[in-house]
Q: 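Supplied in structure tokens, the structure appears directly below.
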Amino acid sequence: MFKTVFAKQFTIYFVIQLFSYILLAVALVYVFNSFFMSQQSQAMQESARRIAEIYYDGFTERRTPEEVNRLLDIERFILTEYQGSSLIILSPGLSIFDVSPDMEQHVQSIIDLFETFDFEALERGERVVTWSSMDGIFSEQVLKVGHPVIIDGYLMCAVFVSSSMPDMERSAHEMITITIICLMIAGSLSFMLVFLLSRTMTRPILEMSKTATMISAGDFEKRIDYEAVDEIGQLAKSLNDMAESLHRQEISRRLFIENVSHDLRSPLTSIRGFLQAILDGTIPPEKHEHYLNVIREETERLSKLTHDIIDLEKMNSPEITLNRTRFDINGLIRRIVVMFEETARNKRLAVSLVFADESYIVFADQEKISRVVYNLLDNAVKFAQEGGNVEVATGKKDKKVMVSVKDDGKGIPPDLQKQVFERFFKVDTSRGDDRKGSGLGLSIVSAFLRAHNEIAALRSEEGVGSVFSFELPLAPKEKEKG
Ligand code: ADP
């Protein structure tokens with residue numbers, strides 16, 4: 001039904017307002033009407049009572065006839081000028097004592113009308129208030145108030161004050177009209193306000209939707225310009241953050257593809273070149289062994305790169321899932337060190353294991369931790385100097401085990417020590433030792449440790465060597481079975 005949030009919001013506000021105003025108007029009309037009626041009725045009853053009192057005083061000679069006339073004049077004036085009421089004073093025998101000027105022409109009608117009037121209540125001294133028609137005098141319904149004048153138990157006469165409905169309603173209607181006009185002005189103003197408010201609220205949403213479409217189409221540099229601190233502002237901020245993150249991911253994806261294609265192309269080119277040269281005899285047979293070794297190294301480099309890419313893929317998943325088990329970290333280190341035996345022998349390295357305790361049972365993801373140790377050891381062996389030393393040590397530290405891999409290589413300049421953990425970062429790409437690497441090893445180390453809530457620490461001094469270390473939680477002791 002509603003195609004836009006604006007239409008929905010506007011209609012809801014509008015309908016609510018309309019209902020509120022209608023309700024308010026109805027309530028006001030009702031309140032005003034009943035207020036005026038009761039005011040009028042009370043004023044008429046008061047007048048009737050006062051006039052009856054004056055008559056009583058006159059009959060009982062408490063006041064002189066002049067005084068009575070003067071007071072009656074005042075009351076008549078109040079009745080006609082202020083209340084718009086008519087006055088009839090008559091005895092139960094229907095002799096008319098007094099009528100207001102507007103009634104003078106209806107004397108016969110009054111007598112006819114009161115012939116059927118029941119004076120019983122008045123005779124008992126009660127006051128009478130009725131809504132009735134006074135045919136022949138008033139064409140509309142009339143509010144009639146009757147007050148008795150009783151002397152020595154006899155009803156001498158009754159004072160009737162009557163007022164026709166339209167007269168009373170006129171005053172109420174004037175008030176109601178003013179109120180309704182005010183409500184209509186307020187209604188139109190709030191209608192405009194609601195329109196503007198809905199527009200201001202929905203405009204940023206429309207803009208966001210446009211921007212989101214552009215972002216999803218690949219324009220990651222687009223941002224939403226809405227700074228308010230409300231919910232829409234928060235949504236705009238989230239969308240901007242999302243665009244920012246997508247932008248960063250896109251940059252890193254491009255960089256990754258560039259680096260990977262370069263790293264794949266260069267070993268493949270040299271392998272193909274050397275093989276071609278061996279096949280067509282450019283390389284003499286006595287040098288074949290040397291170049292075949294180079295080719296083997298290149299294939300190793302390719303194999304390491306594919307491993308790294310697989311690990312990197314794992315790191316890219318939103319959360320690295322850990323498969324934690326209990327295992328002996330010293331045992332794991334021993335098995336990995338064996339893999340580097342040949343390389344270490346070729347480089348005449350002394351690889352030593354310094355374990356403060358025979359075994360340390362940790363609770364971690366064994367596969368990922370062996371990748372961490374492998375990468376650190378790979379770097380240590382690669383960067384240690386010819387005939388140098390590599391040391392892998394473990395020791396207890398509080399409730400954790402600390403693992404460190406130390407070499408006596410060139411070290412890493414202090415300003416680059418943070419960057420070595422970034423993807424594809426290599427200190428010196430031209431350096432021979434570094435050729436085989438893709439610059440991914442340490443970023444994998446730090447991501448896998450981060451997944452364990454641990455960090456990779458580095459201490460390195462140029463010309464002295466580097467120590468990479470990390471900690472792992474010791475597994476809680478298993479309960480004895482049985
Ligand atoms: P790679 O997989 O190519 O070895 P890494 O991420 O493991 O890449 O290392 C990044 C860079 O950090 C290396 O290219 C090297 O310059 C430097 N580096 C890492 N370990 C050491 C070390 N033990 N000694 C000196 N430099 C190192």
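Numbering of ligands and ligand atoms starts at 1, following listing order. Note that the structure is predicted; figures quoted are calculated from it, not measured.
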Q: Leu440 heavy atoms, cut-off 4.0 Å: which ligand 1 atoms fall inside?
A: 2 (O), 6 (O), 8 (O)
Q: Taking it one step at a time, do Phe470 and Leu376 satisfy side chain to side chain contact (heavy atoms under 4.5 Å, CB included)?
A: CA-CA 11 Å; Phe470 64 92; Leu376 292 180; 3.9 Å; yes
Q: Quick one about Ser238 and Gln234 (side-chain donor to acceptor, distance below 3.5 Å, no hydrogens or angles considered), yes or no?
A: no
Q: Sequence neighbours left out, what pairs pass salt bridge (charged side-chain N to carboxylate O under 4.0 Å, His left out) with at least one residue falling in residues 275-291?
A: none
Q: With the threshold set at under 4.0 angstrom, would you say Gly409 reaches ligand 1 through any of its heavy atoms?
A: no
Q: Just jot down the ligand 1 atoms closer than 4.0 angstrom to any heavy atom of Val420, in number order.
A: 6 (O), 10 (C), 12 (O), 17 (C)
Q: Do Ser460 and Ser466 have side-chain atoms, one donor and one acceptor, less than 3.5 Å apart?
A: yes
Q: Would Lys210 and Glu207 pass as an ion pair if we require N to O under 4.0 Å?
A: no
Q: With a cut-off of 4.0 Å, which atoms of ligand 1 are near a heavy atom of Phe425?
A: 10 (C), 11 (C), 14 (O)
Q: Would Asn379 count as a polar contact of ligand 1, with the cut-off being nitrogen or oxygen pairs under 3.5 Å?
A: yes
Q: Relative to ligand 1, is Asp407 under 4.0 angstrom through side chain, backbone, both or neither, heavy atoms considered?
A: side chain
Q: Do the rings of Tyr82 and Phe77 sit parallel, tilted or perpendicular, given the 30° and 60° boundaries?
A: perpendicular
Q: Please check whether Ala380 reaches ligand 1 - meaning an N/O of the residue sits under 3.5 Å from an N/O of the ligand, judged on distance alone.
A: no
Q: Check this for me, if you would: do Glu300 and Lys304 make a salt bridge, where the nitrogen-to-carboxylate-oxygen distance has to be below 4.0 angstrom?
A: no
Q: For the 3.5 Å polar cut-off, considering only N or O atoms, please tell me whether Gly439 and ligand 1 meet it.
A: yes
Q: Is there any N or O on Ile412 that sits under 3.5 Å from an N or O of ligand 1?
A: no
Q: Determine, for Glu250 against Arg254, whether the closest basic-nitrogen to carboxylate-oxygen distance falls under 4.0 angstrom.
A: yes
Q: Find all atoms of ligand 1 within a distance of less than 4.0 Å from any non-hydrogen atom belonging to Gly441, and give their numbers and elements.
A: 2 (O), 5 (P), 6 (O), 7 (O), 8 (O)
Q: Does Arg345 come within less than 4.0 Å of Glu342, counting only side-chain N to carboxylate O?
A: no
Q: Heavy-atom pairs closer than 4.0 Å: do any link ligand 1 to the side chain of Phe421, the backbone, both, or neither?
A: neither
Q: Is the contact between Lys410 and ligand 1 made by the side chain, the backbone, both, or neither, using heavy atoms and a 4.0 Å cut-off?
A: neither
Q: Using a 4.0 Å cut-off to any heavy atom of Lys304, which atoms of ligand 1 qualify?
A: 2 (O)
